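Comments concern the structure below.
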Amino acid sequence: MGRKVTVATCALNQWALDFEGNLQRILKSIEIAKHRGARYRLGPELEICGYGCWDHYHESDTLLHSLQVLAALLESPVTQDIICDVGMPVMHRNVRYNCRVIFLNRRILLIRPKMALANEGNYRELRWFTPWSRSRQTEEYFLPRMIQELTKQETVPFGDAVLATLDTCIGSEVCEELWTPRSPHVDMGLDGVEIFTNASGSHHVLRKAHARVDLVTMATTKNGGIYLLANQKGCDGDRLYYDGCAMIAMNGSIFAQGSQFSLDDVEVLTATLDLEDVRSYRAEISSRNLEASKVSPYPRVKVDFALSCHEDLLEPLSEPVEWKYHSPAEEISLGPACWLWDFLRRSQQAGFLLPLSGGVDSAATACLVYSMCRQVCEAVKDGNREVLADVRTIVDQPSYTPQDPRELCGRILTTCYMAGENSSRETCDRAKELAQQVGSHHLGLNIDPAVKAVVGIFSLVTGKSPLFAAHGGSSRENLALQNVQARVRMVVAYLFAQLSLWSRGARGGLLVLGSANVDESLLGYLTKYDCSSADINPIGGISKTDLKDFVQFCMESFQLPALQSILVAPPTAELEPLASGQVSQTDER
């Protein structure tokens, strides 16, 4: 009698509203899962339309195109003989739900709506979806005709139920439901569910991987069972980076760990596990069994299919693994860098323009682009054909193959030091030295003529000439004169971003990178519409403390000695006059 099961979960880089691309990535993941012998495949939350559709969920087209993708999946020979668990929005009785659609051999087995919606921090699920609040209850869902024609079913169960296969029992919880105090896996496990699946749309936060792993291992330590977690990976079009960490766990141990950051669009994890290990683990916990005898049963959808085979005696089992965590500095070097890569290839621009001031923040942003170039070269070396095709499109050279991150950085990153009358020689030298070490195309220019011209317009109209405090001016004059310099830099940055490649005879434009850390934003310590106004700001969610650790890490790991002098220099905006050639204005003061 078979009892060994091979199950698959995955991390997919889905794009919001890229239905065609999303379909191909889903099919590829199912193909890989089947090739490895899996008979159940779990995918990320809302993978069909992409998680970050935001207010596009309100459009009926989003629901329609999701159904069209589902139809294509049901029809594909790739999805035969494997239970497929996909995520999409579904409207039931005029209410929109965030659902799992579970199907096998052209028949939908169950539609399981999400019961606890994420609605804090960056999450706004209650704006688009309604939670299913009827615990352990199902209703009939009338299938749209385009699906009926394929499945030959008129209605399917919709609600809070579990799947009973010939050899085991499978239950879903979706993303947030694992993070709530009364997670469904507790009662499902007590009711005999042996395999828990969790489809997530969980974005990167520093040090979050620990919480994720702890929740999954604790769920199966207390209750026994096999736990699969799938997640979105990459930037799907907004300011968030979804950080994979797909995993398979059993009885408190991890059996497969997916990457947290990588440039692979499709990553599939499989494990072969013995259901008897779950049964014997549970049988020994008498307190659990007393609880189990009192639990209300879940509706079961019977499935005439087994996850195990009859002859599996010689089938090798997966071994437990030790989860490998990244340090926070490594997380910063990888997460925002992967996000930058996704943003660059999707915006179809030719690279980045970064105003480089010689301070820690813009240096950190330069390091992120350099780290991105390192990862691109690494991925190409490992044979990632999609990354190679994307990089050739970006640099507009069909035969180009990147090998050296510095050389790639010279094509993709333009840095610019914009000196003013209050800039010091030191910051100029530090910026130039860092640019040489990361390999960026570096420009030096002086904004004084533009600043004088703008202030000159004011003086011409009013007959008044504002002065810095150091020259006897009031605080209002002092602030206005600082802000003019900062804002002129933003105007110049955008001009160079649009035309600097044109001036070099190359195609395309550049995305302007900002360098405002989270502390500056929280304190309001910035000039509105200065260089903090950019197309994207890769360090916008990182504190100064973590940034300094990251820059230290880059100095050592990427061999960038120029960062040493940047780290020890006191942070300054350099917008007030120098006192005998030295900086008189520091951020801390």
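Just so it is clear, the structure is predicted and the values come from calculations on it, not from any experiment.
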For A33, all residues meeting side chain to side chain contact (heavy atoms under 4.5 Å, CB included), sequence neighbours excluded: A8, A38, R41, I82, V268
Cationic N near anionic O, under 4.0 Å, R345 to D265: yes
Electrostatic pair E378:R374 at N-O distance under 4.0 angstrom: no
Heavy-atom donor-acceptor pair, S318 side chain to A271 backbone, under 3.5 Å: no
Within 6.0 Å of NZ in K432, more than 12 heavy atoms from elsewhere: no
Parallel, tilted or perpendicular: ring planes of W339 versus F343, cut at 30 and 60 degrees: tilted
Lys/Arg-Asp/Glu bridge criterion (N-O < 4.0 Å) met for K548, D361: no
Verdict with reasoning, V266 to R25, per side chain to side chain contact (heavy atoms under 4.5 Å, CB included): CA-CA 6 Å; V266 177; R25 285 181 284 271; 3.8 Å; yes
Nearest atoms (heavy-atom pairs only) where N13 meets C235: OD1-O, 4.1 Å
Side chain to side chain, V69 and M88, heavy atoms closer than 4.5 Å: no
Salt bridge (Lys or Arg N to Asp or Glu O under 4.0 Å) evaluation trace for D55 with R127: CA-CA 8 Å; D55 279 4; R127 182 179 169 97; 2.7 Å; yes
Modelled atom types, side-chain donor and acceptor of S262 and E267, under 3.5 Å: no
Candidate list N198, D85, T197, L269, test side-chain contact (heavy atoms from CB on, under 4.5 Å), partner T9, passing option: L269
Check against salt bridge (Lys or Arg N to Asp or Glu O under 4.0 Å), K233 and D342: CA-CA 10 Å; K233 183 169 63 171; D342 274 348; over 6 Å; no
Donor-acceptor contact present, side-chain Q232 to main-chain P44, <3.5 Å: no
Y325 ring center near H210 ring center (under 6.0 Å): yes
Any side-chain donor near an acceptor of the partner, T365 and S515, under 3.5 Å: yes
Over 12 foreign heavy atoms within 6.0 Å of CH2, W54: yes
Nearest-0.5 Å distance that lies between atom NE2 in H65 and atom CG in L70: 14.5 Å
Flag if over 12 foreign heavy atoms under 6.0 Å of NE2, H35: no
Test salt bridge (Lys or Arg N to Asp or Glu O under 4.0 Å) applied to E59 and R96, step by step: CA-CA 11 Å; E59 297 168 7; R96 205 180 302 101; over 6 Å; no
Side chains of Q397 and R392, donor plus acceptor under 3.5 Å: no
Nearest-0.5 Å distance, CG of residue L229 to CE of residue M247: 5.0 Å
Side chains of D535 and Y494, donor plus acceptor under 3.5 Å: yes
Donor on one side chain, acceptor on other, E173 and Y227, under 3.5 Å: yes
D546 vs R207, salt bridge (Lys or Arg N to Asp or Glu O under 4.0 Å): CA-CA, chis, key distance, verdict: CA-CA 12 Å; D546 283 330; R207 309 170 181 86; 3.0 Å; yes
T270 side chain to T6 side chain, donor-acceptor N/O pair below 3.5 angstrom: no
Test side-chain hydrogen bond (donor to acceptor under 3.5 Å, both in side chains) applied to E331 and H326, K208, H204, the passing residue: H204
Donor on one side chain, acceptor on other, T415 and S440, under 3.5 Å: yes
SB check K114 E45 (cutoff 4.0 Å): yes
E20 and Q24: side chain donor to acceptor below 3.5 Å: yes
Donor on one side chain, acceptor on other, R212 and S202, under 3.5 Å: yes
Under 3.5 Å side-chain donor-acceptor pair for S500 and R504: yes
Distance-minimising heavy-atom pair for L563 and C367: CD1-SG, 3.8 Å
Modelled atom types, side-chain donor and acceptor of Q260 and D243, under 3.5 Å: yes
Exceeds 12 heavy-atom contacts within 6.0 angstrom, atom CD of E120: yes
D396/R507 ion pair, N-O < 4.0 Å: yes
ring-ring contact (aromatic ring centres under 6.0 Å, His included) partner of F129, the single match among Y123, Y57, Y97: Y57
Gap between atom CG of L263 and atom CG of D382 - 0.5 Å precision: 10.0 Å
For the student: nearest non-hydrogen atoms of C53 and L17, plus distance: SG-CD2, 3.8 Å
Minimum-distance pair of heavy atoms, taken over all atoms of V551 and A364: CG2-CB, 3.9 Å
Test side chain to side chain contact (heavy atoms under 4.5 Å, CB included) applied to I254 and W323, step by step: CA-CA 7 Å; I254 298 286; W323 190 278; 3.9 Å; yes
Distance, nearest 0.5 Å, that separates CG of L368 from SG of C373: 11.0 Å
